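Have a look at the structure below before the remarks.
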Amino acid sequence: MIDRVRFAPSPTGFLHVGSARTALFNWLHARSTGGTFVLRVEDTDAERNRPELVSNLLAELEWLGLDWDEGPYHQSERRERHREVVEDLLGRGLAYLCDADNREVDGSSVTDGLAARFRMPVGQRVGFDDIVRGEVSFATDDLEDFVIWRSNGSPMFLLANAVDDADMRITHAIRGEDLLSGVPKVLLLLDAMGAPHPTYAHLPLLVNEQRKKLSKRRDDVSIADYRERGYLAEAMVNYLALLGWGPPDDVEIRPLHEIVELFRIEDVNKAPAFFDLKKLEHVNATHLRALPKDEFIERVGPWIDDAPWPADRFDPAIFSTMVDLVQEKLRTFGDTTRFVDFLFLEDPVDDADSWEKTMVKGRSAAEVLDGTAAAFADCAWEAGVLKDVVAEVGEGVGLKLGKAQAPLRVAVTGRTVGPPLFETMADFMERSEVLRRIARARARL
RNA sequence: GCCCCCAUCGUCCAGUGGCCUAGGACGCCGGCCUUUCACGCCGGUAACACGGGUUCGAAUCCCGUUGGGGGUGCCA
């Protein structure tokens, strides 16, 4: 029998990184074992039963490359089946109807205004063998009768979850540890239906710096936000795979297809993992550098289209050459424009920190600008020559090239950080424009 | 409160009784390279929460303590 796993998100309007990690681990298990990955939308709550919320979710899963084999099924479309199970339980006395004050009411069919509760057995212990956690058990005496059908005529999550897992013949329920304590109730429900138990694997939670479950309010948890900031899908899934799992050969940064080969759900750890943006950036930068130039240019397109310069000043040919100079310096696609914007902007940006650092606190800014302006006026317009000129001017005021080029760089590009300066000026900028920018900066001093 | 889970460098991962004077990665700190930044290279910092057992031997097994987290809805 082949394994059947499912990702069963509740549509909240966006894909949360924790959910993405759960989806990824389910997908990895399916792909690495030749199993089936089912997508099921848990929208029993009427509030969440909105198509546009679901389509966002699907789009992000597709972006991550997590393709599903079945579904998406919608729990909201299975209400009759859920009702049937509830009424069966009522008929057998395993559940009972109750009113708004939680008083038991006679009857064996669900009616408007009445909820149904599952009757918790007394004195039992419900246990299971979790793939990542081992043996886990709960005493039914610590649990209470729980609602399985709402008075508004809809099934509750646990009921729908149990019925759907059974009907869809799910063999492995791989999901977040926050759902661990709901397992005994589901098991009891499955037993009542005479359905087999799936094997559970509860993944450690993703936590923030305070070691609390990642929260929508305080933390950056939206996959879409990371995508928009210029993170690569391949970096995102690569990093997510590293939270709670590690490759046996210690090679952390690698393509998804290799992870599929190495992944085993039994190797997942139990301890919560901190979502470390610094490491994500490192993983992303590594994948970004590895992109072939053509592909980089194609994929960075949206950020270029969105750049702060006037569209008619942009020159694709210049940009293409600049890619050779800046691709290795970037951490995300979103970083790209600030490395090249000075070439396409009328005037360089005014970056306060850069100005402060070189023009105000730096030594001899005026002398360097005056000296280079004078020498640039009639020297050969070649990178090597420009470099020699700046080195010479620097020498005159006791600065090495590294320091001497700083004011010039800020005058021309607006920033202390950027591509190699002399090559860029010689190849892509007019002498007159460079002189204009030097003069412009000099006037501000 | 009650129930459940967790516990190796700041962080992620390795380690499943001897190969551990605990390994890799991110970060951080030095150095090299260098026209900035980055990359690359070299080096460094830094951990088995604590206390009892079991054993010839424990990061690895057991118990307890402490700490942290999750759950405890007619949300999922």
Side-chain angles (χ1 to χ4, degrees), chain A residues 8-12 19 42-45 47-48 75 98 100 102 114-117 130 132-134 136-139 141-144 146-158 160-161 175-184 202 204-205 207 209-213 239 241-253 267 269-283 285-286 289 325-331 335 339 354 357-358 383 386-388 390-391 394 400-406 408-410 413 415-425:
Chain A
S10 143
T12 53
S19 300
E42 309 225 319
D43 56 357
T44 55
D45 184 11
E47 299 254 328
R48 308 186 185 213
Q75 282 190 328
C98 61
N102 276 339
L114 293 180
R117 279 178 189 270
D130 190 282
V132 344
R133 263 138 239 285
V136 181
S137 70
F138 296 78
D141 292 350
D142 290 324
L143 273 21
E144 294 176 343
F146 58 99
V147 174
I148 55 178
W149 190 264
R150 297 189 185 89
S151 56
N152 71 3
S154 64
M156 281 293 286
F157 156 68
L158 289 172
N161 192 266
R175 55 193 200 164
E177 199 211 303
D178 51 343
L179 298 176
L180 187 63
S181 47
V183 175
H202 285 89
L205 255 24
V207 299
E209 51 288 327
Q210 280 116 65
R211 301 251 116 210
K212 296 207 191 302
K213 182 166 76 158
Y239 177 63
L242 261 17
L243 296 176
W245 177 83
D249 59 7
D250 270 349
V251 178
E252 295 187 317
I253 300 181
D267 293 338
N269 356 171
K270 314 171 194 230
F274 171 61
F275 186 84
D276 187 353
L277 192 60
K278 282 274 178 51
K279 182 134 183 184
L280 202 213
E281 285 179 350
H282 169 77
V283 173
T286 305
R289 276 198 298 275
L325 270 22
V326 304
Q327 186 178 349
E328 66 179 16
K329 300 172 188 291
L330 310 173
R331 305 184 82 72
D335 288 342
F339 275 88
S354 295
K357 186 176 174 188
T358 57
L386 301 184
K387 176 181 174 181
D388 291 343
V390 175
K400 289 188 174 179
L401 186 56
K403 291 281 186 192
Q405 60 88 46
L408 177 63
R409 178 183 292 278
V410 173
T413 73
R415 298 185 169 92
T416 53
V417 174
L421 185 59
F422 309 120
E423 289 76 355
T424 309
M425 290 191 300

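It should be emphasised that the depicted structure is a prediction, and the values quoted were computed from it without experimental measurement. In what follows, chains are A, B, ... by sequence order, proteins preceding strands, each numbered from 1.
- Atom CD of A:Glu144 has 12 or fewer neighbouring heavy atoms from other residues, nucleotides or ligands inside a 6.0 Å radius.
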Got a list of protein N/O to nucleotides 5-13 of chain B N/O distances below 3.5 Å?
unit_1, atom_1, unit_2, atom_2, d
B:C5, O2', A:Arg133, NH1, 2.6
B:C6, OP1, A:Lys270, NZ, 3.4
B:U11, O3', A:Arg211, NH2, 3.4
B:C12, OP1, A:Arg211, NH2, 2.4
B:C12, OP1, A:Phe274, N, 3.2
B:C12, O2', A:Leu242, O, 2.8
B:C13, OP1, A:Gly244, N, 2.9
B:C13, OP1, A:Asn269, OD1, 3.3

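- Heavy atoms of A:Phe138 sit under 4.0 angstrom from primed sugar atoms or phosphate atoms, though from no base atom.
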Close N or O pairs between protein and nucleotides 41-51 of chain B (under 3.5 Å):
none

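- For A:Arg289, no side-chain nitrogen or oxygen approaches OP1 or OP2 of B:C39 to under 4.0 Å.
- The base of B:C74 sits with one of its N or O atoms less than 3.5 Å from a complementary donor or acceptor on the side chain of A:Ser151.
- Using a 4.0 Å heavy-atom cutoff across all strands shown, A:Ala100 reaches at least one base atom of the nucleic acid.
- If you check every strand for non-hydrogen atoms under 4.0 Å, A:Pro419 touches a base.
- Each of A:Glu177, A:Arg175, A:Lys270, A:Arg133 was checked for a side-chain hydrogen bond (donor to acceptor under 3.5 Å, both in side chains) with A:His202, and the lone residue meeting it is A:Arg175.
- When each of B:G71, B:C26, B:A38 is scored by its nearest atom to the side-chain atoms of A:Lys329, the top-ranked nucleotide is B:A38.
- Distance from the side chain of A:Pro420 is smallest for B:U36 among the nucleotides B:G70, B:U36, B:C3.
- Backbone-only engagement by A:Leu205 is indicated by non-hydrogen atom pairs under 4.0 Å involving sugar-phosphate atoms exclusively.
- At a threshold of 4.0 angstrom between heavy atoms, the contacts of A:Arg415 with the nucleic acid are absent.
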